[in-house]
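Reminder, nothing fancy here: chain letters follow the sequence lines and each chain counts from 1.
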Amino acid sequence: MLDLKFVRENPAIVRESLEKRGEDSEILENFLKVDEERRRLLREVEPLKNKRNELSRQIGRKKQKGENVDAYMQEVKEISSLIKEKEKQVEEKEREVKEALLGIPNIPHSSVPPGKTSADNQVVREWGEPRRFSFTPRHHWDIAEELGIIDFKRAAKISGSRFAVYWGEGALLARGLIQFMIDVHLRQGYEEVYPPFLVNRASMTATGQLPKFEEDMFHTDMELFLVPTAEVPVTNLFREEVLKEDDLPVRLVAYTACFRKEAGSYGKDVRGLTRQRQFDKVELVKFVHPDASYQELETLLQDAERILQLLEIPYRVVALCTGDLGFSAAKCYDLEVWLPSEKRFLEISSCSNFEDFQARRANIRFKPREGKEKTRYLHTLNGSGLAVGRTIIALLENHQQEDGSVLIPEPLRPYLKGKYTLEKKQV
RNA sequence: GGAGAGGUGGCUGAGUGGACGAAAGCGCCCCGCUCGAAACGGGGAUUCCGACUAAACGUCGGAACGGGGGUUCGAAUCCCUCCCUCUCCGCCA
């Protein structure tokens with residue numbers, strides 16, 4: 001959510017932002033209209049309220065002196081009913097203003113490359129050489145099934161499509177990767193939290209999943225939603241709170257399972273682990289001073305990259321263009337890993353600076369060190385570090401051997417009981 | 001699930017129908033004392049919205065004491081409802 005006054009006073013900036021994102025400016029024009037109407041109504045109601053308050057005070061004073069106040073009471077009663085009517089209109093307008101404001105996306109940072117679609121995203125850097133294969137590299141689902149570490153068929157039987165059963169060393173691999181990633185991030189200075197996987201509507205709204213994306217979310221009775229990412233419970237840890245400047249930055253790492261209906265993606269990535277309804281992810285979340293947020297974004301990105309480097313998986317960093325930027329983000333980098341079987345890159349992490357967009361919505365503030373300064377909204381950032389399922393894809397594909405086995409990068413071995421390779425079970 | 005208690009500013013906590021935006025304490029800011037600090041003394045500060053203004057950290061007004069609704073001339077205070085927290089009992093991995 002943008003600041004109301006900022007939007008009102010800088011419609012040109014917001015209009016330009018919408019244009020860069022390739023969005024209609026109608027939401028803005030509508031906001032300006034209802035905001036004006038709301039203020040007009042306030043100018044009518046507030047003087048009435050003033051009069052009512054004034055008269056009520058007089059009634060109190062006169063009553064104490066034992067004077068008759070019937071005439072006053074009559075007058076106030078009339079004013080009150082008038083106020084009640086107008087107040088209804090004000091409330092209606094306020095709802096409209098809020099809704100309009102919530103519908104306006106964040107303003108892209110000046111460093112975000114202009115563009116319309118993902119084709120306009122800018123490659124910032126590449127790491128690692130895609131390996132030259134002496135055989136035709138196979139898809140991860142074939143490798144996994146042959147190794148007997150993932151069972152898609154039985155997953156479909158017990159849960160339906162877009163689920164996986166990790167079996168034996170597959171289960172160990174998934175758990176080991178989670179542990180490995182968390183350990184790396186702990187060394188980078190993050191603190192671990194392990195939050196609930198079910199959250200309430202207020203939390204989903206504060207981070208922006210609701211109301212816009214309700215279709216994509218699983219929700220249960222009791223008004224609880226399955227988290228689509230750890231970003232939701234972790235960012236909401238400090239909802240409605242005021243932190244001390246000295247406590248900033250707060251850097252957290254969290255593992256959660258993530259749940260998404262993938263309702264709008266029928267027929268897309270149906271095979272394998274790429275697009276699951278349930279998947280594991282280790283997430284990095286930061287709460288920082290506004291002056292530090294862009295620097296923190298760079299280190300967040302590097303902290304996520306470190307995982308891929310340790311796993312020896314070739315990847316590239318892409319700066320999303322204005323047209324591809326998420327609704328709440330002011331700037332976003334994607335990490336994309338190389339898939340030899342498809343000769344393309346696959347998104348494995350998304351690292352964003354939301355500036356104060358989420359903080360305003362979630363009401364997360366900090367008290368500046370100098371006490372005379374007002375409390376301000378802090379900046380929030382988050383990024384995957386990393387999506388576990390997709391990491392397994394990259395690992396299997398990039399480290400596959402001709403005989404069907406898969407080499408395990410050295411830093412991961414301690415998490416897999418010292419194994420050097422994943423191999424077919426000998427029958 | 002049953003019974004009870006409670007939700008007030010950055011924090012603790014008083015306030016049960018009218019001068020309460022809210023005592024007191026802690027914490028914070030400014031000034032004095034001091035070489036400096038602590039202690040002490042004095043002073044200051046809630047947030048949001050609107051109007052005026054070139055603009056205001058300025059003036060005036062409105063709103064806000066968990067959320068929503070109601071009673072009343074007037075609600076932090078009374079009533080209803082929802083949410084949450086705590087204590088005890090029950091159940092349970």
Side-chain angles (χ1 to χ4, degrees), chain A residues 1-10 31-32 34-102 194-206 210 219-225 233 236-248 250 287 289 356 359-378:
Chain A
M1 182 171 65
L2 293 173
D3 178 57
L4 181 132
K5 273 187 188 154
F6 175 84
V7 178
R8 179 154 76 220
E9 285 161 15
N10 303 281
F31 165 82
L32 293 172
V34 292
D35 177 52
E36 179 54 47
E37 287 167 0
R38 169 178 145 271
R39 280 183 292 159
R40 200 198 73 228
L41 284 167
L42 283 181
R43 266 171 271 153
E44 293 175 19
V45 191
E46 288 188 350
L48 286 174
K49 286 188 173 175
N50 183 12
K51 186 144 193 210
R52 180 193 63 190
N53 293 345
E54 187 49 47
L55 287 172
S56 287
R57 266 194 292 271
Q58 285 183 30
I59 288 171
R61 259 171 277 168
K62 283 187 191 294
K63 261 195 164 171
Q64 273 179 348
K65 289 186 209 154
E67 294 176 30
N68 184 298
V69 291
D70 291 356
Y72 279 81
M73 301 243 282
Q74 187 54 36
E75 191 180 352
V76 179
K77 218 166 186 171
E78 279 166 26
I79 294 175
S80 283
S81 67
L82 199 60
I83 290 175
K84 215 165 187 173
E85 250 172 68
K86 296 241 179 231
E87 192 68 6
K88 260 191 201 136
Q89 299 175 39
V90 172
E91 277 166 23
E92 175 60 25
K93 276 300 158 207
E94 266 168 3
R95 256 195 300 278
E96 287 179 38
V97 169
K98 181 131 200 226
E99 200 190 315
L101 198 58
L102 284 175
Y194 184 43
F197 294 1
L198 285 161
V199 297
N200 58 29
R201 184 171 282 275
S203 297
M204 290 287 274
T205 306
L210 297 183
H219 89 275
T220 67
D221 49 4
M222 293 180 72
E223 279 293 282
L224 290 173
F225 293 79
N236 274 281
L237 287 172
F238 298 119
R239 172 153 54 87
E240 312 287 340
E241 291 193 29
V242 180
L243 307 183
K244 292 192 189 80
E245 181 173 351
D246 288 334
D247 294 338
L248 302 182
V250 177
F287 303 84
H289 190 283
D356 62 6
R360 184 173 294 107
R361 201 164 166 141
N363 198 21
I364 308 172
R365 294 170 293 165
F366 74 96
K367 200 167 185 62
R369 213 169 271 130
E370 300 300 315
K372 57 186 163 186
E373 273 186 69
K374 284 188 173 185
T375 57
R376 302 169 59 185
Y377 293 113
L378 46 71

NZ of A:Lys367 versus P of B:G10: gap in Å, rounded?
-> 7 Å
Counter-base of B:A63, judged by Watson-Crick or G-U geometry with both distances under 3.5 Å = B:U47
Can you tell me how far C1' of B:G10 sits from CZ of A:Phe238, to the nearest Å?
-> 15 Å
With a 4.0 Å cut-off, would you call A:Arg38 and A:Glu96 a salt bridge?
-> no
Using the C1' atom on both, measure B:C65 against B:A76 and round to a whole Å.
-> 5 Å
Keeping the roles fixed (side chain from A:Asn10, backbone from A:Phe6), state whether a donor-acceptor pair exists under 3.5 Å.
-> yes
Rounded off to whole Å, could you give me the CG-to-P distance for the A:Asp247 and B:G10 pair?
-> 16 Å
Rounding to a whole Å, what distance do you find between A:Lys5:NZ and B:U47:P?
-> 12 Å
B:G58 pairs with which nucleotide, Watson-Crick or G-U wobble, both distances below 3.5 Å?
-> B:C52
note: A:Glu36, atom CD; B:C49, atom P; distance rounded to Å ~ 16 Å
Say you pick atom P in B:G90 and the same atom in B:C78; how far apart are they, in whole Å?
-> 34 Å
Is there a Watson-Crick or G-U wobble partner for B:C26 with both distances under 3.5 Å, and which nucleotide is it?
-> B:G10
Reading nucleotides 52-85 of chain B from the 5' end, what letters show protein touch, with B for base, S for backbone sugar-phosphate only, - for no heavy atom under 4.0 Å?
-> ---------BSS-------S-BS-----------
Crowding at CD, A:Glu67 (>12 non-hydrogen neighbours, <6.0 Å) = yes
Candidates B:A51, B:G10, B:A19 - which lies nearest the side chain of A:Arg43 | B:A51
Residue-phosphate contact under 4.0 Å: A:Arg38 side-chain N/O, B:G50 OP1/OP2 = yes
To the nearest angstrom, the NZ-P distance between A:Lys244 and B:G10 comes to 12 Å
Sidechain-backbone polar pair: A:Arg360 side chain, A:Met1 backbone, donor-acceptor under 3.5 Å | yes
Those residues that, when tested against A:Glu94, pass side-chain hydrogen bond (donor to acceptor under 3.5 Å, both in side chains) (two or more places apart) | none
Span that lies between the P atom of B:G62 and that of B:C20, in whole angstrom = 16 Å
Who passes salt bridge (Lys or Arg N to Asp or Glu O under 4.0 Å) against A:Arg61, sequence neighbours left out?
-> none
Looking only at atom C1', what distance separates B:C89 and B:U12, rounded to whole Å?
-> 31 Å
Watson-Crick or G-U wobble partner for B:A3, using a 3.5 Å limit on both distances?
-> B:U87
Could you grab the distance from atom CG of A:Leu48 to atom NZ of A:Lys51, nearest 0.5 Å is fine?
-> 8.5 Å
Who does B:C33 pair with, Watson-Crick or G-U, both distances under 3.5 Å?
-> none
Take atom C1' in B:A14 and the same atom in B:A22, then report the distance between them in whole Å.
-> 10 Å
Reckon A:Arg360 touches a base, only the sugar-phosphate, or nothing at all at heavy-atom distances under 4.0 Å?
-> nothing
Considering every strand shown, what is the Watson-Crick or G-U wobble mate of B:G21 when both distances are under 3.5 Å?
-> none
For A:Glu240 and B:G10, what is the distance between atoms CD and P respectively, to the nearest whole Å?
-> 11 Å
When rounded to the nearest Å, what value does the distance between C1' atoms of B:C83 and B:C92 take?
-> 25 Å
Whole-Å distance between B:U47 P and A:Arg376 CZ?
-> 14 Å
With rounding to whole Å, what would you report as the distance between B:U72 and B:C86 at their C1' atoms?
-> 33 Å
Whole-Å P distance, B:A63 and B:A75 | 9 Å
Between the main-chain N or O of A:Ser203 and the side-chain N or O of A:Asn236, is there a donor-acceptor pair closer than 3.5 Å?
-> yes
Nearest 0.5 Å please: distance from the OH atom of A:Tyr72 over to the CG atom of A:Leu55.
-> 7.0 Å
The Watson-Crick or G-U wobble partner of B:A76, with both key distances under 3.5 Å, is none
